[in-house]
Participant: 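Here it is, the structure, as structure tokens.
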Amino acid sequence: MYLSDHGENVYDNTDFFGRSEDILRKSMFEIPFIVWTSKDFEFPRDFEYKPNRAFMADHAYESIGHLFGVLYSDMNVNKSIFSKTFKERKRKVLDNIDYDSYFFEKNE
């Protein structure tokens with residue numbers, strides 16, 4: 001499994017690369033998330049793969065635990081991107097900016 005902690009702007013739409021809180025770009029918040037399993041991997045019974053789910057990395061802990069069967073008493077499986085009961089929520093970026101409204105309604 002690979003999950004980056006942040007994205008980078010690499011000359012996407014501007015003459016700028018890196019990260020900046022002054023120049024927000026969608027590519028700064030879209031992060032790679034890759035899971036690779038063997039053919040013998042045992043997925044949880046309620047596993048569901050939907051590649052375009054709205055997900056934030058702060059629920060990675062629940063997702064990893066759920067995927068590998070490491071559960072704890074107050075774990076909320078609805079936060080696991082791999083669960084059939086996953087609940088999407090508003091994705092927030094800096095200063096509680098709504099990711100979807102900011103980047104898709106502005107048509108960046």
Participant: Which atom pairs, donor and acceptor, lie under 3.5 Å between side-chain atoms of residues 44-51 and protein residues at least two apart or in another chain?
Facilitator:
unit_1	atom_1	unit_2	atom_2	d
D46	OD1	H66	NE2	2.6
D46	OD2	H66	NE2	3.4
D46	OD2	S83	OG	3.1
E48	OE1	R53	NH2	2.5

Participant: Taking side-chain contact (heavy atoms from CB on, under 4.5 Å) as the definition, give me every residue that meets it alongside D98, ordered by chain and number, with sequence neighbours left out.
Facilitator: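 In terms of side-chain contact (heavy atoms from CB on, under 4.5 Å), with neighbours along the sequence ignored, D98 is linked to K90, K92, D100, S101.
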Participant: Any side-chain heavy atom of L67 within less than 4.5 Å of one from F43?
Facilitator: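 Yes; the side chains approach each other to less than 4.5 Å.
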Participant: Which heavy atom in F55 sits nearest to a heavy atom in S63, and how many Å separate them?
Facilitator: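 Of all heavy-atom pairs spanning F55 and S63, the closest is CE1-OG, 3.5 Å.
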Participant: Please tell me if the side chains of N76 and K87 come closer than 4.5 Å, counting only heavy atoms from C-beta onward.
Facilitator: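 When only atoms from C-beta onward are counted, K87 and N76 do not touch, as no gap falls below 4.5 Å.
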Participant: Going by the rule ring-ring contact (aromatic ring centres under 6.0 Å, His included), which residues pair with F86 if we only count those two or more places apart in sequence or in a different chain?
Facilitator: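 None.
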Participant: Please name all residues satisfying ring-ring contact (aromatic ring centres under 6.0 Å, His included) with Y61, sequence neighbours left out, ordered by chain then number.
Facilitator: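 So Y61 forms a ring-ring contact (aromatic ring centres under 6.0 Å, His included) with Y72.
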Participant: Would D58 and R91 count as a salt bridge (Lys or Arg N to Asp or Glu O under 4.0 Å) if you check the C-alpha gap in whole Å, the side-chain angles of each, and the deciding distance to 0.1 Å?
Facilitator: CA-CA 10 Å; D58 60 345; R91 297 179 288 181; over 6 Å; no
Participant: Give every donor-acceptor pair under 3.5 Å between a side-chain atom in residues 33-40 and any protein atom, sequence neighbours left out.
Facilitator:
unit_1	atom_1	unit_2	atom_2	d
S38	OG	D40	N	3.2
S38	OG	F41	N	3.3

Participant: Atom CD of E62 and atom CZ of F82: how far apart are they, to the nearest 0.5 Å?
Facilitator: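 Reported to 0.5 Å precision, the distance equals 12.0 Å.
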Participant: Output all residues satisfying salt bridge (charged side-chain N to carboxylate O under 4.0 Å, His left out) with D95, sequence neighbours left out; order by chain, then residue number.
Facilitator: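 For D95, no residue satisfies salt bridge (charged side-chain N to carboxylate O under 4.0 Å, His left out) once neighbours in sequence are set aside.
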Participant: Please name the pair of heavy atoms, one in M75 and one in V70, separated by the smallest distance, quoted to 0.1 Å.
Facilitator: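 Heavy-atom minimum between the residues: SD-O, 4.0 Å.
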Participant: Please report the interatomic distance CD1(I81) to CG(L3), rounded to the nearest 0.5 Å.
Facilitator: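 It comes to 9.5 Å.
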Participant: For a 4.5 angstrom cut-off between non-hydrogen side-chain atoms, does R89 reach H59?
Facilitator: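 The answer is yes, as the side chains (C-beta and beyond) meet within the 4.5 Å cut-off.
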